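Below, each value reflects all heavy atoms present in this structure, side chains not excepted, and no hydrogens, waters or symmetry copies. Whatever order the structure lists ligands and atoms in, that order sets their numbers, starting from 1. Here the structure is a predicted model, which means the values were calculated and not measured.
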Amino acid sequence: MVKGKGVSRGIALAEQFLVDAELTPRYEEAHDKSAEVETLRVSREMATQELECTIREAASEFGQKEQEVFEAQLLLLDSDDLWKQARKNVEENNQSAELAFHEAIEERIVMFSQLGSEYLRERVLDLRDIRQRVLRCMRRKDSGGDVRERSIILVGREIVPSQLMDRRNGKVCGLAMEAGGVTSHTVLLANMMGIPCVVGAKGLLSQCAAGEDMIVNGFTGEITVSPSEEERQRYQEIHDRMVREAELDRNFMGKPDRAADGTEIPLWCNIAAVRDVKQVLEQDSGGVGLMRSEFLFLGRQQAPDEEEQYNAYRQMADGLEGRPLIIRTLDIGADKQVSYLQLGDEENPALGCRAIRYCLRHKELFLTQLRAILRAGADRDVRIMFPMIASLTELREAKALLAEARDQLNQQGIPCRQDMPTGIMIEVPSAALMAEDFAAEADFFSLGTNDLTQYVYSADRTNPTVSDLNQPYGPALLRLVAHIAEKGNAAGITVAICGQAGQDPLLLPLWLAMGIGELSVSPTSVLGLRRRLSGMTKADCCALLERVLRMQTAQEVVDALREFQTRTEESR
Ligand SMILES: C=C(OP(=O)(O)O)C(=O)O
C-alpha cells in the first residue's frame, strides 16, 4: 500500500493505466520472434482502432481542427513501410517488438527532423505521440480493443488536465499521482467529475504494474496496488456505504438550498466544458457559478476563435435552460500552461503574467473572448467574471475592454448583451484588503479560495510539501474571507465562493454565518451539501463563527468544525 493525500473523495477499483511517464522500450532480445511479430500485429490493430475512435469523437465533440490532428497521425501510423521496418528489426536484428517499433519510429524522427520542411518537422511530435500510443498498446496484457471501453485508474508522477480530459485514456474512474498538489487543476477537474484522487503518493511509480488492478481511496489517501481478495472486499464495503449516502442525498432532489431556519445559499456548479452542463441539471443545481473558460484553450494547437467560443458558451447557456452562467475569462498561466500562447519561462509563474495580467497584455486574444461572451449573453443569463484581479486599475482596464468589445459588435450590428453583469474573482490578498473599494465597481464577488489560500500563506498550491499550510482552515484565511463577505454584503452585492473550500461540508456552517450568497461547487457535491445545509440554523452557525474567528491555529478550527458537524448530525 502506498500512502498519499486524498484530494477528491470516493473510492475506485480498476485497471492501472500509466500516463505521464514517457514509456521507453524494453531493451530485450526477442526470445520468440513469432510472438514478437504477433505483438506488432496486435498493437498496430489496437492503436489504429483507438485513433479511429478518437477521430470520430473529435469530430462530434470538438472540431474540425482536432479531427485533422488525429487524421494526420492515423496516416503516419498506417504506413506499411513503418511496420515492415519494425518487423525486419525483430526478424533480422533479434529485437523485441517494443524495441523494434521504437527504432523504426526513431529512424523517421531523425529523417523528418533533418528535412527542411517545416511541416515534416512538426510531424515529429506526432511520431512521438504514436510511439507512446503503440508502446502503451503493447504493454496492455490483453488485446481487449479500445481502452475507452475499459474503466481505468490513471497513474503518473503528475497528471495534467489535458491527460485527464483525453478520452483516449479510457473511462477514468480514479487518479493516483506520485507528486501533484492539492488544488492543482487536475484535482479540481477530478472533483468536478466525481473521480476519486490521491496525490503525493511517494514511491507509487516504482510499485505500480500497468495492466493490474489498483484501488484508489480518495477519503484516506491510500492506494493499493494489485489488491488481495480481502482488500477487494473492503473496497466493496466502502463503495456500498457511499452508494447508501448518495441515496440519502438523492432524497434532496427538487428541494431548496435552504437551512433549517430558512436561510438560503444557492448551490451552483463549477464547470469546464459543454458536456458538464448535463451534470448541472442532473444534480438539480440552480446555475453555473464558475465556467473555467481556459479549458477550451487547453490540449490543442491554437486558440479557439470567436465563433468556436461563441458556440461553446451559447451551447452551455442553452443547455442550462435559463439558469445563470458565469463565465470566467481566460485564467491561463501557472499550472495551466498552453504552449501556443508562449507564456514564457517565468521564475515564479504563480506570481507572474497570468490570467487577467496576460489578457490585458494580449488585447486581441482578450477582445475575441469578450465578444464571444457578449454574443452568447445576447438573450441569455450569461455573466462575466475576471480572474486574478489585484488592483482597481486592472478592473477598470478590463471593463473598458468589455465596453470596447460591445461597441465593436454594435457597430457590426451583431446582437450582444449591452449591460452584462460583471464580477471579479477575489483571490489575491490586495483585492481582499480593498474589498470595499472593489465592491463599489463590481457587480459580484466570487472567492477563489484555492488561489487566495496559496497567496495568503505563500504556499504553492501544486506543491505537496507545503500542503499542510495550503488548506482553508487557517484562521488567517477565515478572517480574510469574513472581511470580504462583510464588505460585499454591506455594498449589497453577492459574495460567492467558487474555490474548493466552498464544497467542504465542514466549512459550510461558517459560510452560512458569514452571509455567503452562493456556493459554486462540483456538480457531485450539490445534493450532499443541500442535505447538510437543511440541518443547520444560521444562529448556531453564527455562534460557531464567533468562536472560530478568535482561534489561532488551523487545528483548533478543524476540531471545532468537526465537533459542530457531529452535533448537528446527531441531532437530526
Ligand atoms: C476557483 C479558483 O480558481 P482556479 O480555477 O484557479 O482554481 C480558485 O482559485 O479558488
[X] N/O to ligand 1 N/O under 3.5 Å:
X: Gln500; value: no
X: Thr449; value: yes
X: Arg292; value: yes

What do we get for [X] next to ligand 1 when only non-hydrogen atoms under 4.0 Å count, side chain, backbone, both or neither?
X: Arg328; answer: side chain
X: Leu290; answer: side chain
X: Gln454; answer: neither
X: Asn270; answer: neither

For [X], the ligand 1 atoms whose distance to one of its heavy atoms is below 4.0 Å:
X: Asp331; value: 6 (O)
X: Arg461; value: 4 (P), 6 (O), 7 (O), 9 (O)
X: Met425; value: 1 (C), 2 (C), 3 (O)
X: Asp451; value: 6 (O), 8 (C), 9 (O), 10 (O)

Apply side chain to side chain contact (heavy atoms under 4.5 Å, CB included) to the pair Phe386 and Cys359, showing each step before the final yes or no. CA-CA 10 Å; Phe386 299 124; Cys359 289; over 6 Å; no
Over-ring placement of Arg530 relative to Phe252, 6.0 Å and 45° cut-offs: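 Negative - Arg530 is either too far from the ring of Phe252 or too far off its axis.
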Do Arg314 and Tyr310 form a cation-pi contact, if we require the NZ or CZ to be under 6.0 Å from the six-membered ring centre and within 45 degrees of the ring's axis?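 Arg314 over Tyr310 ring: yes.
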State whether a side-chain donor-acceptor pair under 3.5 Å links Gln279 with Asp276.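 Short answer, no.
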Please tell me whether Thr449 and Gln500 have a donor and an acceptor in their side chains that are separated by less than 3.5 angstrom.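 Per modelled atom types, Thr449 and Gln500 side chains form no pair under 3.5 Å.
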So for atom CD, which belongs to Glu282, do other residues, nucleotides or ligands contribute more than 12 heavy atoms lying within a distance under 6.0 Å?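 Enclosed: over 12 neighbouring heavy atoms sit under 6.0 Å from CD of Glu282.
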Quick one: are the ring centres of His362 and Phe366 less than 6.0 Å apart?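 Centroid distance His362-Phe366: not below 6.0 Å, so no.
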Here's a test for you: under side-chain contact (heavy atoms from CB on, under 4.5 Å), which of Leu290, Asp443, Thr422, Asp331 qualifies with Met385?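 Among Leu290, Asp443, Thr422, Asp331, the one that satisfies the side-chain contact (heavy atoms from CB on, under 4.5 Å) with Met385 is Leu290.
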